[in-house]
Amino acid sequence: MSLGRPNARSWYAERMNDSERLRVLLIGGSGQLGAEIVREWSDCRVLAPTHTELPLEDGAALEQALERIQPDVVVNAAAFHNVDRCEAEPERAFAVNALAVDRLAGACAQRDCVFVTLSTDYVFDGDLGRPYIETDCPAPISVYGASKLAGEQLVLRRRSRAFVVRTCGLYGVRPSATKGYTFVDRIIAQARAGEPVRVVDDMVASPTYAVHLARALRALVATQAYGLYHCANAGAVSWHAFASAALELAGIAHPIEAIASASWKAPARRPRFSALANGRLQSLGIAMPSWRQGLCDYLTDRVTRGLTS
Ligand SMILES: NC(=O)c1ccc[n+]([C@@H]2O[C@H](COP(=O)([O-])OP(=O)(O)OC[C@H]3O[C@@H](n4cnc5c(N)ncnc54)[C@H](OP(=O)(O)O)[C@@H]3O)[C@@H](O)[C@H]2O)c1
């Protein structure tokens with residue numbers, strides 16, 4: 001159902017009976033991050049049409065949604081972020097991750113509505129050898145990274161009420177819509193099944209729990225300090241060390257074989273060291289928990305939410 005179609009009005013009417021709270025239009029509400037924004041931004045009235053109801057690339061439907069909903073804040077948590085498929089489909093990558101984001105940012109600027117959009121550590125080449133800060137020069141090595149960087153720059157050039165927030169290695173209770181699984185769950189499942197577990201040890205990131213990111217985004221929006229931010233769980237860790245910590249915290253004794261990323265034949269190149277430092281966020285008084293705390297909270301939440309034992 002598109003918002004432009006006849007039954008769109010009932011979708012709108014159903015969701016529009018609370019005029020007190022900050023009104024938020026969330027694109028990508030069924031994803032890893034989007035699902036946690038719906039849960040965590042409970043002080044807001046979050047309207048989250050599905051991908052089918054409101055495709056990011058459909059400029060006319062977006063205009064209609066903005067006109068009808070009159071949001072105070074629009075959050076874009078949608079992207080074409082299958083990194084390997086982006087190599088084969090660069091037109092689609094730029095259409096979704098850059099041009100559609102720019103169009104939405106423009107529509108928000110026209111209405112003086114706050115715009116929040118997510119970007120990625122993949123805007124960097126990963127050769128710096130330390131966590132990236134916001135002023136480091138981006139140098140994407142994949143179509144995905146280039147398309148996200150283009151999206152960032154198109155938004156930031158407007159100097160409007162917009163937040164561009166780069167995150168890294170996102171995982172959540174809701175599996176990635178792109179991958180269909182969560183990295184941590186897959187490692188745990190393989191270990192429990194007694195299968196061999198192999199994880200790269202020469203790629204370093206700041207794996208980020210979607211709940212922590214959703215909370216930080218809410219705090220960031222409240223600051224009205226618009227601009228470019230890094231927002232990832234604090235610290236840098238190899239994927240092998242992260243997987244080892246996941247098994248240790250889950251109480252599972254199982255070996256994890258360290259493999260080199262070169263043995264992983266993928267169409268897209270990925271940065272070797274793409275941890276992010278959250279300097280600007282910290283200067284606003286917003287502290288991100290460590291990657292280990294993210295893992296602890298994730299393992300607890302997946303049990304308390306009844307998703308696993
Ligand atoms: N995942 C990571 O490791 C990672 C790392 C760094 C940055 N990021 C960025 O963080 C953001 C959130 O990522 P995520 O992992 O939460 O994504 P996700 O789990 O793949 O969820 C994406 C959401 O967007 C929807 N969507 C996809 N394409 C759309 C389109 N063209 N129009 C409207 N809705 C669309 C999806 O709906 P359907 O499932 O129905 O298609 C889903 O609800 C993205 O900007 C991504 O680039 C992610």
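Each ligand, and each atom within it, is numbered from 1 in the order the structure gives.
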Practice task
May I ask whether A35 has any heavy atom positioned less than 4.0 angstrom from an atom of ligand 1?
Solution key: no

Practice task
List every atom of ligand 1 that sits less than 4.0 Å from any heavy atom of T120, numbering the atoms from 1 in the order shown and giving each element.
Solution key: 6 (C), 7 (C)

Problem - H212 side chain to N233 side chain, donor-acceptor N/O pair below 3.5 angstrom - result: yes

Completion exercise
for atom 47 (O) of ligand 1, nearest protein heavy atom and its distance come out as Y144 OH, 2.8 Å

Handout entry: Geometric N/O contact P175 with ligand 1, under 3.5 angstrom
Key = no

Exercise for the section: Run the salt-bridge test on R270 and D84 with the 4.0 Å N-O cut-off and return the result as yes or no. Expected result: yes

Practice task
Kindly assign one of parallel, tilted or perpendicular to the pair H81 and Y144, based on the angle between their ring planes and the thresholds 30° and 60°.
Solution key: tilted

Completion exercise
of all protein heavy atoms, closest to atom 38 (P) of ligand 1 is H51 ND1, 3.6 Å

Handout entry: Salt-bridge present (R166, E152; N to O < 4.0 Å)
Key = yes

Handout entry: Under 3.5 Å donor-acceptor, D202 side chain and S261 backbone
Key = yes

Handout entry: Residue, atom name and distance, where the atom is the protein heavy atom closest to atom 19 (O) of ligand 1
Key = Q32 N, 2.9 Å

Exercise for the section: Please go through L149's hydrophobic cluster and name the other residues, only I, L, V, M, F, W, Y counting, with side-chain heavy atoms under 4.5 Å joining them. Expected result: V123, F124, L128, Y132, L276

Problem - ligand 1 contact by T208, heavy-atom criterion under 4.0 angstrom - result: no

Exercise for the section: Establish, yes or no, whether a centroid distance under 6.0 Å links the rings of F115 and F163. Expected result: no

Problem - Residues D125 and R269 bridged, charged N to O under 4.0 Å - result: no

Handout entry: atom 16 (O) of ligand 1: nearest protein contact (heavy atom, Å)
Key = L33 N, 2.9 Å

Problem - atom 11 (C) of ligand 1: the protein heavy-atom neighbour that sits closest, reported with distance to 0.1 Å - result: L118 CB, 3.7 Å

Handout entry: D58 and R103 ion-paired at < 4.0 Å
Key = no

Exercise for the section: Only heavy atoms count here, so choose which of K148, E53, H81, R166 is nearest to atom 18 (P) of ligand 1. Expected result: H81

Problem - Any T50 heavy atom less than 4.0 Å to ligand 1 - result: no

Practice task
Between F183 and ligand 1, find which residue part has any heavy-atom pair under 4.0 Å and reply side chain, backbone, both or neither.
Solution key: neither

Completion exercise
atom 12 (C) of ligand 1 has as its nearest protein heavy atom A77 O, 3.4 Å

Exercise for the section: Tell me which part of S119 gets within contact of ligand 1: side chain, backbone, both or neither, using heavy atoms under 4.0 Å. Expected result: backbone

Exercise for the section: Enumerate the atoms of ligand 1 whose separation from the nearest heavy atom of E57 is less than 4.0 angstrom. Expected result: 30 (C), 31 (N), 32 (N)

Practice task
Please state which part of A79 comes within less than 4.0 Å of ligand 1, counting heavy atoms only: side chain, backbone, both or neither.
Solution key: both

Fill in the blank from the handout: In ligand 1, the atoms that come under 4.0 Å of a heavy atom of S30 are 37 (O), 42 (C), 43 (O)

Practice task
Decide if atom CZ of R157 counts as having more than 12 heavy atoms of other residues, nucleotides or ligands within a radius under 6.0 Å.
Solution key: yes

Problem - R161 side chain to Y226 side chain, donor-acceptor N/O pair below 3.5 angstrom - result: yes

Completion exercise
for atom 6 (C) of ligand 1, nearest protein heavy atom and its distance come out as T167 O, 3.3 Å

Problem - Test salt bridge (Lys or Arg N to Asp or Glu O under 4.0 Å) applied to E248 - qualifying residues, sequence neighbours left out - result: R292

Problem - L54 and ligand 1 - part of the residue with a heavy-atom distance under 4.0 Å - result: backbone

Practice task
Measure the distances from the heavy atoms of R174 to every atom of ligand 1 and state whether one is below 4.0 angstrom.
Solution key: no

Handout entry: Salt bridge present between R186 and E195 (N-O < 4.0 angstrom)
Key = no

Problem - Element-labelled atoms of ligand 1 that are located less than 4.0 Å from some non-hydrogen atom of G169 - result: 3 (O), 5 (C)

Problem - Centroid-centroid distance, F242 to Y171, less than 6.0 Å - result: yes

Fill in the blank from the handout: Ranked by distance from atom 21 (O) of ligand 1, the top protein heavy atom is G31 CA, 3.1 Å

Problem - Enumerated ligand 1 atoms positioned under 4.0 Å from heavy atoms of P55 - result: 32 (N), 33 (C)

